[in-house]
Amino acid sequence: MANLRSTNAGLGESTLARTGVSLVAVMAMTAAVPAWAAKRDETPSAGDAQQSAQAAPAAGQEDGAIVVTGRRAALQSADERKRNAETIIDSVVADDAGKLPDNSITEVLQRVAGVTIVRFAALNDPDHYSVEGAGIQVRGLTGVASRLNGREIFSANNGRALQFADVTPELMAAVDVYKASTADLIEGGTGGQIDLRTKVPFDYSGGFHVAATGDLSLGDLAEKADLSGSILVTDRWSTPIGDIGILADVAYSRLNSASHFFRVEPYYRTRISGADYYVPGGYTFGEEQFQRTRTGIYGAIQWAPSPDLTLTGTFFQSRYKNRSGDWGSFVSSQTLAVDPANSDFDENNILISTPSLYNRDPATFLPGGSITTGGNKGAYDSTTRTRDYSLAFDWSPADGPLSLRGALQRVESTQIYDRLDVFRDVAFPSGFGLDLSGDLPVVSVPAGTQAAFLNPANYFWTATMPHNDDNKGRLDSANLDVEYEFDNSFFRSIKAGARYAERTERDFTNGYNWSALGRGWNGDPQMTYANAAPGDVELHVFRNFFHGEAVLPANLMFATDDLVRTYDRVLLHSSPPAGFCAGREFDCSASGPLPDSTYGGPGYRAVGFILPGDRTDNKTRNLAGYVLARFGSTDPGQISGNVGVRVVNIRNEGSGYIQQNATSFVRNGQTYTLGAQAIPRGGKTNFTYALPSINVDFSPSADTKLRASYNITLDLPTFQALRASGSIGVATTDNTTDPNAPDFFTNFTADTGNPLLKPTLSNNFDLSFEWYPRAGTMFHLAPFYKRITNLPIYSLTTRDVTVVYTDGSTETAAAAATDYVNATEAATVKGVEVGGRIFFDMLPGFLGGFGFEGNYTFIDSDNPGDLYRDINGVIRNDAPLVGLSKHNFNATLMYERKAVSARIAYSWRSRYLQSTNSNGTNPTYNYYAAPGAAATPIQIALPIYGGAYGQLEAGVRFKVTENFSFGIQGTNLLNSMQRTLMGGYPGGALLGRSWFQTDRRISTGINLAF
């Protein structure tokens, strides 16, 4: 098989040029190209790996040769990339990624040694589940840089990296995970870099080629069929002006899913009968129905006007549309209590179960005050689009030592997000039971409760809360690299280069502006669901909740999805017709249905964005230069490697506004109202760093390799952390004395970014032992150590703020502030990866098709710079690094023989910290030491952990002809449950915070290639 030279080398600062492996066998396709096109590629290709595998004899195979399928050839190609790389990497190639029902790049990556994914909307958002996974960690670190063909790429979501779940995997030829660095890699990624590699025309032999896929899938909770498909077309010609190739690739994927959740409020310290107990402040349950549509468009054109020069132009677009809705019901109160005589507690007086939780009067400690269950119907739509335009050249004369490579790039990304929540209250029984001893919490209510929940007159329209984002980001970059090769010298080459990049992001966001609908006390009457306009409310049945494993207190009524999805806040807050319920301002049920959806409530924030207050701007300019020397010999028994330094100058600049949210509250019996305010804020910084790197390889024999690496890597703070904007507001608790009045004041709050944050630096020490006894079989052992400084910490502090009331008066008071700061102490990470793969070719007959692949990663950390506040308000610094699981493993049983390709794969990670300052577990609550005693405010910020989680997937594919194959796949076959846990309790107890469960999914698909 003829092999291409590294025609992708010009696509980035360094991608294929670093590994010396082509993409030919990645796609399991042959190539026939002119001899000059391969003159500089002296390392083994993926095609060579396939040929060597086929040459190895095995018992039971026809003619004594192993017939290597496309998947096995792809695995061998990945091994060769790892083996010939200049630093420590792992790769997943396209054929490998397509064998399991992988819905996104995140799920593709989860089986790579040392890589874990987060199955939440974001790592610091433990209350919202993500079916396909969101964040990625490499060796426990969240600082993972995203690259496309070796160049920077991002999503306009206040971050620095690409949202990998937004990218359709059908457009990718392979994915490389860099775990160590070289000087010619773009700066960024304390954990590593993930490089998405696309296909280019010169990866294929001459002639017209078409490949297509089609899939149909179904989830057992969503119960909706989803279609996915892709088509690739490419051609290549030899012309009088040189070789020309064109490639176009289009992919479409839709996914409907449902996830169910149950959440428990923090266990507040509560004084009962002279002793302290820890009693939950309520619960939430609900479901989310999720639909995403992901499309990808990719095009590439290549022109080789001479044997020495290749020009490449590419266009890449990923569009991700999300249309989702959720239903949630909650009971939340900081004054719930139990009778210890008939309740069960653990040895630390933490509640396990009780037949009755009830509100009590702090003045007497006797039962008192009603329990109200709130609820929300939410709807949201979002669209994220990322485009990359790139032009690159590669000039590498065969008869000269000098080569030049360079590229121009523009990335444009937009994100639009619209959400509206409509809230309602309904009277709840005076007490309810709660059993937390089983796999899922069980809430029990008195008989007849469901009947009360079926009466629309018992439901009160309470509030709306919109949230809108409109973000736009752009990156312009240029790089130039020059390399000079030496003959018969210890130094093989000297390489130098420079890169300039400027990235900007303009974000519009209007926060979360909760505003009361008509409540009687605010100028408009209180409407109930009995007043709902036709089509505005419905009974929502939580069907097959947790696949029938959970017991719900009741099915409940909510606003309809059609009403909420109009996003028409102006209509919802319009006053009802004059005199609609005169004399019944606090309960209009007797007036009957409204003619339109006008539920009142003046004083709400204007719809959309209020400028300039809702605008935040960020800008980062990078100027970098490097020099790198390659040395030694790659022959067995010799030492080789590279040493270099990258010097980078970074300028960050940001501007925004600190906004005071308008709201009303009751404090000491008096009602106060804050007015809306916007105060400008900005900042800029300038940093210069030298980032050295050295990678040394030693091959004791032809099939073994020892590596040692030291480098310093850098992470820029996210734009979310750097933002100059922020907010000032008020935390409140339910008004149990007068439900028709504003809620009780707890404390002032503040939330801001920090435009003066420093970049995070990591000193990395890596070793790797690799053994490649034969094609398709390999083993690796890789210990590592990292020392990390300047980590950005999202911590809870107390500082003074000045608030402004609507009457013009001001007040300076202490506020619970969540701000970003750089950690003052270094964090350390140490661990080891071990993994390998073997095919049992030595076994007779069909048994020779079996193989096994597995890896295990152990990681430990020390992070004294991060702080949290336990349930007693004590500040502690004993939390691990965010996102780091101590134990991670993957196990895959494979079968590759003739027309059959199958595998069963299980991925598992142990508990990991998600946040030390998460919404819902960072309130201030009041502790009463005795009946009638003054309240002692306790500010908490509990650490939230993602519980241990594993998922089983399986797939089988049958190759009917050389052009046609079909298969079937299953995802989440064990019906796994994701839990989150709350820390900060006596005895180090971790208590259940949330439980999530989503679809089991089955899909079937076909592949065509001509």
Side-chain angles (χ1 to χ4, degrees), residues 9 12-20 81-82 84-90 114 138-139 141 143-145 147 150-152 176-195 405 479-484 490-499 501 622-632 634 639-650 687-698 705-716 759-768 770 782-790 828-830 833:
E13 287 197 68
S14 50
T15 49
L16 292 176
R18 180 178 295 103
T19 61
R81 286 189 62 78
K82 180 179 179 70
N84 292 289
E86 290 189 310
T87 189
I88 300 171
I89 76 167
D90 281 295
V138 176
R139 291 180 167 176
L141 295 182
V144 179
R147 305 288 182 250
R151 292 188 300 272
E152 184 177 356
D176 291 333
V177 180
Y178 287 85
K179 300 176 180 178
S181 186
T182 56
D184 56 349
L185 281 173
I186 298 175
E187 65 278 356
T190 52
Q193 298 192 12
I194 293 177
D195 189 10
R405 297 182 180 90
N479 67 274
L480 181 65
D481 305 273
V482 57
E483 185 170 12
Y484 190 90
F490 175 74
F491 288 100
R492 292 183 285 125
S493 71
I494 295 290
K495 185 179 181 184
R499 176 178 182 264
N622 290 51
L623 181 61
Y626 74 89
V627 60
L628 178 144
R630 296 186 172 100
F631 59 85
T634 58
I639 291 177
S640 65
N642 59 82
V643 60
V645 63
R646 188 177 189 92
V647 179
V648 56
N649 176 257
I650 301 164
F687 304 99
T688 300
Y689 294 98
L691 308 175
S693 67
I694 180 169
N695 294 271
V696 179
D697 296 355
F698 173 62
K705 178 165 285 193
L706 296 174
R707 302 181 191 266
S709 174
Y710 169 74
N711 53 79
I712 297 177
T713 50
L714 171 152
D715 263 338
L716 293 177
T760 300
L761 295 175
S762 179
N763 282 259
N764 311 298
F765 302 84
D766 298 274
L767 297 173
S768 180
E770 300 162 15
F784 54 89
Y785 176 85
K786 299 173 182 286
R787 185 178 185 273
I788 307 160
T789 55
N790 296 334
T828 58
V829 176
K830 58 191 174 205
E833 295 173 6

Fill in the blank from the handout: With sequence neighbours left out, the residues meeting side chain to side chain contact (heavy atoms under 4.5 Å, CB included) with Leu623 are Tyr500, Arg621
Problem - Separation between CD1 of Ile194 and CG of Asp176, rounded to the nearest 0.5 Å - result: 10.5 Å
Problem - Criterion side-chain contact (heavy atoms from CB on, under 4.5 Å) against Lys786, the qualifying member of Leu141, Thr828, Asn763 - result: Leu141
Handout entry: Geometric class of the Phe631/Phe491 ring pair [parallel <30°, tilted 30-60°, perpendicular >60°]
Key = perpendicular
Exercise for the section: Tell me, please, which residues at least two apart from Arg707 pass side chain to side chain donor-acceptor pair (under 3.5 Å). Expected result: Asp697, Glu770
Practice task
First locate atom CG of Asn479, then atom CD1 of Ile186, and finally report the distance between them rounded to the nearest 0.5 Å.
Solution key: 7.0 Å
Exercise for the section: Evaluate the side-chain proximity of Ile788 to Val829: yes if any heavy-atom separation is below 4.5 Å, no if none is. Expected result: yes
Practice task
Determine whether Asn649 and Asn622 make a side-chain contact, defined as any pair of heavy atoms from C-beta on separated by less than 4.5 Å.
Solution key: no
Handout entry: Beyond-backbone contact of Val138 with Lys179, side-chain heavy atoms, under 4.5 angstrom
Key = yes
Problem - Within 6.0 Å of CZ in Arg787, more than 12 heavy atoms from elsewhere - result: no
Problem - For the student: nearest non-hydrogen atoms of Ser768 and Ile88, plus distance - result: CB-CD1, 4.0 Å
Practice task
Tell me, please, which residues at least two apart from Tyr484 pass side chain to side chain donor-acceptor pair (under 3.5 Å).
Solution key: none
Exercise for the section: Under the side chain to side chain contact (heavy atoms under 4.5 Å, CB included) rule, collect the residues that match up with Ser693, sequence neighbours excluded. Expected result: Ala183, Asn711
Problem - From CA spacing to verdict: side chain to side chain contact (heavy atoms under 4.5 Å, CB included), Glu483, Ile494 - result: CA-CA 6 Å; Glu483 185 170 12; Ile494 295 290; over 6 Å; no
Exercise for the section: Flag the pair Tyr178 / Asp195 as yes when at least one side-chain heavy-atom distance between them is below 4.5 Å, and no otherwise. Expected result: yes
Completion exercise
In terms of heavy-atom contacts, Thr760 and Thr789 come closest through CG2-O, 3.3 Å
Practice task
Would you mind reporting whether Asn642 and Thr87 have side-chain heavy atoms less than 4.5 Å apart?
Solution key: no
Exercise for the section: Starting at CD1 of Ile89, measure out to OG of Ser181 and round the result to the nearest 0.5 Å. Expected result: 12.5 Å
Problem - Beyond-backbone contact of Val645 with Leu691, side-chain heavy atoms, under 4.5 angstrom - result: no
Problem - Under-4.0 Å salt bridge between Arg139 and Asp766 - result: yes
Completion exercise
For Phe687, the side chain to side chain contact (heavy atoms under 4.5 Å, CB included) test, sequence neighbours excluded, returns Thr685, Tyr689, Lys758, Pro759
Problem - Ser709 side, atom OG; Phe765 side, atom CZ - distance, nearest 0.5 Å - result: 10.0 Å
Handout entry: Close side-chain approach of Asp481 to Tyr626, heavy-atom, < 4.5 Å
Key = yes
Handout entry: Sidechain N-carboxylate O distance under 4.0 Å for Arg499, Glu152
Key = yes
Handout entry: Spatial distance of atom CZ (Arg646) from atom CG (Asp184) [nearest 0.5 Å]
Key = 7.5 Å
Handout entry: Flag side-chain contact, heavy atom, 4.5 Å: Asn764 against Tyr710
Key = no
Fill in the blank from the handout: Rounded to the nearest 0.5 angstrom, the CD-CG distance for Glu86 and Leu628 is 6.5 Å
Handout entry: side chain to side chain contact (heavy atoms under 4.5 Å, CB included) against Ala145, all qualifying residues, sequence neighbours excluded
Key = Arg147, Gln193
Fill in the blank from the handout: Taking every heavy atom of Ser640 against every heavy atom of Arg492, the minimum-distance pair comes out as CB-NH2, 4.4 Å
